[in-house]
Amino acid sequence: MSAQAKLAGRRRLTQAELDLIVGSHERYLQRKPGGRRASLRFVHLGGLNLSGRNLSEADLSASVLEGCRLIRTKLERADLFGCDLRMADLRQAVMVKADLRGVCLRGANLAQADLTGADFREGKVAIPGAKNGLDISRHEERPGEVDQANFTGAILNDAELSGVSAFAADFTDCSLVGAKLIGANLKDANFSGALMENADMSGANLDNANFAGAVLVGANLMKASTQGARMEQVLREPTQEAVDKAPELLERAKANQAWCKTGGKEGAAAKMDNEDLRPLGAALKGARLTAMSAKGAVMVGLDLSGAHLQGAKLEGADLRAANLRGADLRGAKLMRADLTKADLRGAYLGPLPLGGREIPTDVTGAKLRYVFAQTANLTAAVLDDADMRGADLTAAVMDGVSIKDVDFRQVQGFEPPKGEPTHDEFGPLPPKDPPLIEAAEEAPPE
């Protein structure tokens, strides 16, 4: 579509006009006097700034937002049907259950955006006439288009992307759990490290797509074209051997609890090195697993919330998307572990008092990409050479932490000491809302 045809029949708003409309919409959301739901249908907003604003439930259907700045903008349940958002900056935007049918996001940046339940399917778009606007219009079937878009670290759980064109789009470390990509064009797309449990890619074009290190448990690839696709180190369903061994591993965990409760008189510290612990599900939630050894273990998505893991040996463990909320990891060894998208909110990673000295938690060289670590206690932890891109450390305790060779340019909620790299990768960002999480409870006893 030509630029003239794209803008035909659309009124161009100024930044000042847009700010007035959005201000009224925000009052509407807060149920304040003078509030009115924003109706921004068929308008031209290209290049304007909406960063940090709240446009949840707004109607922006068929509008042009090309090149708009929408960093951390709230667009929950917003109507973006048929919008032109190519090259828009939507980093960390909240677009839960947004209507994105027929939208064009070609080349847009949606890194770390929350698109849970968003709908990208084909939509019938009204094309206004050049002279008479919508008085003379035609309708055009338009598939969702996200070619070459950046979704790194984004959340697309349960999103509807069937039939979408996502040629060469970047979904690295993205969460696509339960997403529907039926018949989608995903040629040359990058899904490396993506979490794709139960994703439906049946009939999709996956030629030359990169799935290296992706989690494809329960994923449906029936009748998909996979010519040239990279599948090395893909994580599939637990083997039957791992399922059969689960009762034995659970007994080891129970013996570890007995060992903790009796001060070592009964039971023993569990040995689970290189085991697949996924069949245990939530059985280890809140368990006392002090000093357990699970080096190189597969613990993807495991529920370890509230678990006692003081001094645990977790070197090289795969803890992607694991729930470690409120867990006690004091003195644990997490060197080279993969904690991408793990939940460490309110977790304890401070030093462990032992024999008159303090053992720091060692996270050297670990992957902490897009980790949720709000209110976590990392006092004196060793984070040297850790990959922290996209991590959220809002309200985390970082006293005495060792951060040699750590790049904080994409880390939220932490200002490194003077002389360290500053997190200016996204440019000036609007103030964030305080984290909507509970304060961490007192650390569980050793």
Side-chain angles (χ1 to χ4, degrees), residues 150-157 166 168-179 181 184 186-202 204-222 224-243 245-246 249 272-280 293-302 304 313-324 333-342 363-371 385-391:
N150 179 12
F151 289 96
T152 56
I155 301 172
L156 284 152
N157 297 341
D170 191 350
F171 295 94
T172 302
D173 293 326
C174 192
S175 185
L176 286 145
V177 177
L181 300 112
L186 304 168
K187 187 176 186 292
D188 293 335
N190 188 357
F191 292 95
S192 58
L195 305 172
M196 306 186 72
E197 293 98 328
N198 301 315
D200 190 347
M201 292 176 279
S202 55
N205 180 359
L206 305 175
D207 292 347
N208 299 319
N210 182 7
F211 289 92
V215 178
L216 293 178
V217 177
N220 183 0
L221 279 74
M222 288 288 291
S225 177
T226 59
Q227 185 175 357
R230 293 179 56 187
M231 294 285 182
E232 58 264 30
Q233 296 183 315
V234 164
L235 189 63
R236 303 278 189 177
E237 289 79 6
T239 63
Q240 187 59 49
E241 181 183 359
V243 172
K245 197 171 184 179
L249 297 178
M272 301 186 184
D273 296 343
N274 301 311
E275 299 285 1
D276 189 344
L277 305 184
R278 290 177 295 163
L280 295 179
S293 183
K295 300 175 186 177
V298 179
M299 305 167 80
V300 174
L302 213 59
L304 292 161
K313 301 175 183 65
L314 298 165
E315 296 100 310
D318 190 347
L319 285 152
R320 285 178 290 171
N323 184 358
L324 288 156
K333 302 202 177 296
L334 289 152
M335 295 85 84
R336 301 174 305 284
D338 192 345
L339 289 141
T340 301
K341 284 192 177 293
V363 200
T364 301
K367 292 179 182 177
L368 292 158
R369 297 199 292 256
Y370 313 107
V371 72
D385 201 32
D387 186 348
M388 303 283 295
R389 76 187 81 168

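Values below: every heavy atom of this structure, side chains too, minus hydrogens, waters and symmetry copies. All of these numbers come straight from a predicted model, not from anything done at the bench.
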query = Any idea which heavy atoms bring Pro279 and Ala246 closest together, and the distance?
reply = CB-CB, 3.9 Å
Gap separating the CG atom of Leu339 from the CG atom of Asp318, nearest 0.5 angstrom = 9.0 Å
query = Under 6.0 Å from the CD atom of Gln227, do we count more than 12 heavy atoms belonging to anything else shown?
reply = no
query = Taking C-beta and beyond as the side chain, do Lys341 and Arg320 meet within less than 4.5 Å on heavy atoms?
reply = no
request  = Check whether any side-chain heavy atom of Glu275 sits under 4.5 Å from a side-chain heavy atom of Leu280, and report yes or no.
outcome  = no
ask   = Which pair of heavy atoms, one from Val363 and one from Ala386, lies closest together, and at what distance?
value = O-CB, 4.0 Å
ask   = Which atom names give the shortest non-hydrogen contact between Ala219 and Glu237, and what distance separates them?
value = N-OE2, 4.5 Å
query = Are Phe171 and Met196 side-chain neighbours, meaning at least one heavy-atom pair lies under 4.5 Å?
reply = no
ask   = Looking at NZ of Lys295 and CD of Glu315, how far apart are the two atoms once the value is rounded to the nearest 0.5 Å?
value = 5.0 Å
ask   = Rounded to the nearest 0.5 Å, how far apart are CE of Met231 and CG of Asn210?
value = 9.5 Å
query = With a 4.5 Å heavy-atom cut-off, do Arg389 and Tyr370 have their side chains touching?
reply = yes
request  = Determine, step by step, whether Leu304 and Leu319 satisfy the side-chain contact (heavy atoms from CB on, under 4.5 Å) criterion, reporting the C-alpha distance in whole Å, the side-chain angles of both residues, the deciding distance to 0.1 Å, and the verdict.
outcome  = CA-CA 10 Å; Leu304 292 161; Leu319 285 152; 4.1 Å; yes
Contact summary for Leu334 and Ala366, nearest pair of heavy atoms = O-CB, 3.6 Å
key: Asp170 versus Thr152, side-chain donor and acceptor atoms under 3.5 Å   = no
note = Looking only at heavy atoms, the pair that brings Ser225 and Asp207 closest together is OG-OD1, 2.5 Å
remark   = OG of Ser202 to CE of Met222, rounded to nearest 0.5 Å, is 8.5 Å
request  = Nearest 0.5 Å please: distance from the CG atom of Leu195 over to the CG atom of Leu156.
outcome  = 11.5 Å
inquiry  = Are the side chains of Leu277 and Leu249 in contact, using a 4.5 Å heavy-atom criterion?
reply    = yes
message = Set out, in order, the CA-CA distance, both residues' side-chain angles and the distance that settles side-chain hydrogen bond (donor to acceptor under 3.5 Å, both in side chains) for Thr364 and Asp385, then state yes or no.
response = CA-CA 6 Å; Thr364 301; Asp385 201 32; over 6 Å; no
Evaluation steps, side-chain contact (heavy atoms from CB on, under 4.5 Å), between Thr226 and Phe211 = CA-CA 11 Å; Thr226 59; Phe211 289 92; over 6 Å; no
message = If you define the side chain from C-beta out and look only at heavy atoms, does anything of Leu176 sit under 4.5 Å from Phe191?
response = yes
note = Those residues at least two apart in sequence (or on a different chain) that pass side chain to side chain donor-acceptor pair (under 3.5 Å) with Arg369 are Asp173, Asp387
query = Which heavy-atom pair separates Leu314 from Ala337 by the least distance, and what is that distance?
reply = O-CB, 3.7 Å
query = What distance do Asn220 atom CG and Leu181 atom CG have between them, rounded to the nearest 0.5 Å?
reply = 11.0 Å
